[in-house]
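So you know, we letter chains A, B, ... as the sequences are listed, proteins then strands, and number each from 1.
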There are 2 protein chains.
Amino acid sequence: MEAENLKEILFYSLEKSIKTYRQFAQRQLVENGFNITIDQWLVLKALSDGPHQTQHQIAELVFKDYASVTRIIELLVEKQYLVRTIHANDRRRFNLTLTENAVRLLEAMQPVIEKNRSTALKGINEQHASQFQHILNLIINNCQS
Amino acid sequence: MEAENLKEILFYSLEKSIKTYRQFAQRQLVENGFNITIDQWLVLKALSDGPHQTQHQIAELVFKDYASVTRIIELLVEKQYLVRTIHANDRRRFNLTLTENAVRLLEAMQPVIEKNRSTALKGINEQHASQFQHILNLIINNCQS
DNA sequence: CAAATATAATTGATATATCAATATTATTCA
DNA sequence: TGAATAATATTGATATATCAATTATATTTG
């Protein structure tokens, strides 16, 4: 009974924490004048860190559906943060290149992103954080096997 | 540098864990022949636990937008798991009543739901779970203030 | 080489998230 | 009481998640 209740609360809190963090982070972006969603930022950041990835690889990296990545990239092209050109050797693929605009945007956003993380983790030391991390990884592994 | 990286990984894992769990849990429902989403289940469960709630209260309880709850309830009415009638004293509200079908469904689902949680938490003892819970609550509070 | 298979990406349909605007009914208070 | 305000819920628009089907191109293999 007790344990069952604990498990309920655990996933309840897990869901609540990530939602609360996302809402908080998105609100901070808006308040700092950035007109971009967290998910769009994730894709830009992934491309900034590893420029020559396929959309498939990006999707894996950010845990998104391929369809979602396609649509997010469409929006980023519209917003002139990305340029798509056909890949020279493989005509199924695209080269995705960040525009100057995007590079500047990422730089400008970085301090806000870091502040968001610090705020969210206030009062949590490194030892607790790595304990926490460990349990997250256990859950991930348990759900993948 | 080290700490910054840890923070990155932490939210990354947090996002990955809840997504992985949700996908796992939803897949188990499908495999067991239940034609209902996790979110629809959440709303049914909330109503089962507390029958006389407004849609507003349900939304708060399950961390959903009011608009989302409206639409989820529409679907549950279509699927004949809920009946909506106008509230006697307050014509802005609705009474939401679970059908027999829904009661049976919830009962039939319960073992699967509990198994999902146990599987996901395999190898995590109560002490670690409550440590984990504590950190989740810290994050939630940090993002709400 | 040609057919079969695999890979990369898109598209359509449905569900949910979020924000803003709106409609309806209740409550408050001047 | 009547006007202002609050509460309850819906609707529309846009973004994302998920699944299934499709298109186009590459690669493998008989």
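Side-chain proximity of B/Lys64 to C/dA17, D/dT10, C/dA13: nearest is C/dA17. Minimum atom distance to the side chain of B/Arg92 is reached by D/dT8, of the listed C/dT18, D/dT16, D/dT8. Set against D/dT11, D/dA9, D/dA17, the side chain of B/Arg71 has D/dT11 as its closest nucleotide. Closest to the side chain of A/Leu75, from the set C/dA9, D/dA15, C/dA26, is D/dA15.
Annotation: side chain of A/Leu105 is in contact with side chain of A/Phe34 (closest heavy-atom distance under 4.5 Å). The side-chain heavy atoms of A/Leu121 and A/Tyr21, taken from C-beta on, include no pair separated by under 4.5 Å. Side-chain contact between B/Ile36 and B/Met109: present, with at least one pair of heavy atoms (C-beta onward) separated by less than 4.5 Å.
Of the two residues contacting DNA chain C, namely A/Asp65 and B/Tyr66, the nearest-nucleotide position lying further toward the 5' end is that of A/Asp65. Positionally, the nearest nucleotide of DNA chain D for B/Phe94 lies more toward the 5' end than for the other of B/Phe94 and A/Asn89.
What separates NE2 of A/His56 from P of D/dA24 is a distance of 21 Å, to the nearest Å. Rounded to whole Å, atom P of C/dA8 lies 17 Å from atom NE2 of A/His52. To the nearest angstrom, C1' of D/dT16 lies 6 Å from CG of A/Asp39. For the pair A/Glu15 CD and C/dA17 C1', the computed distance is 12 Å after rounding to whole Å. Put simply, CG on B/Asp90 is 11 Å from C1' on D/dA9, counting in whole angstrom units. Rounded to a whole Å, the CD atom of A/Gln53 is 13 Å from the P atom of C/dA8. Put simply, CD1 on B/Ile72 is 15 Å from C1' on D/dA9, counting in whole angstrom units. For A/Glu74 and C/dT10, the CD to P distance is 7 Å, given to the nearest whole Å.
Phosphate contact (OP1/OP2 of D/dA15, side-chain N/O of A/Gln40, threshold under 4.0 Å): absent. Distances shown here put every side-chain N or O of B/Gln57 at or beyond 4.0 Å from the OP1 or OP2 atom of D/dT8. Taking 4.0 angstrom as the limit, B/Arg84 places a side-chain polar atom (N or O) nearer than this to OP1 or OP2 of D/dT10. Put simply, B/Gln55 has no side-chain N or O that comes within less than 4.0 Å of OP1 or OP2 on D/dA7. A close approach under 4.0 Å does not occur between any side-chain nitrogen or oxygen of B/Ser68 and OP1 or OP2 of C/dA15. In this structure, A/Thr70 reaches the C/dT10 phosphate: one of its side-chain N or O atoms is under 4.0 Å from OP1 or OP2. One finds no side-chain N or O of A/Arg93 lying less than 4.0 angstrom from the OP1 or OP2 phosphate oxygen of C/dA8. Residue A/Gln26 places none of its side-chain N or O atoms closer than 4.0 Å to OP1 or OP2 of C/dT18.
A salt bridge between A/Arg22 and A/Asp39 is present, with a side-chain N of the basic residue lying under 4.0 Å from a carboxylate O of the acidic one.
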Determine, step by step, whether A/Ser13 and B/Gln133 satisfy the side chain to side chain donor-acceptor pair (under 3.5 Å) criterion, reporting the C-alpha distance in whole Å, the side-chain angles of both residues, the deciding distance to 0.1 Å, and the verdict. CA-CA 7 Å; A/Ser13 298; B/Gln133 178 76 49; 2.6 Å; yes
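Within 6.0 Å of CG in B/Asn35 there are 12 or fewer heavy atoms belonging to other residues, nucleotides or ligands.
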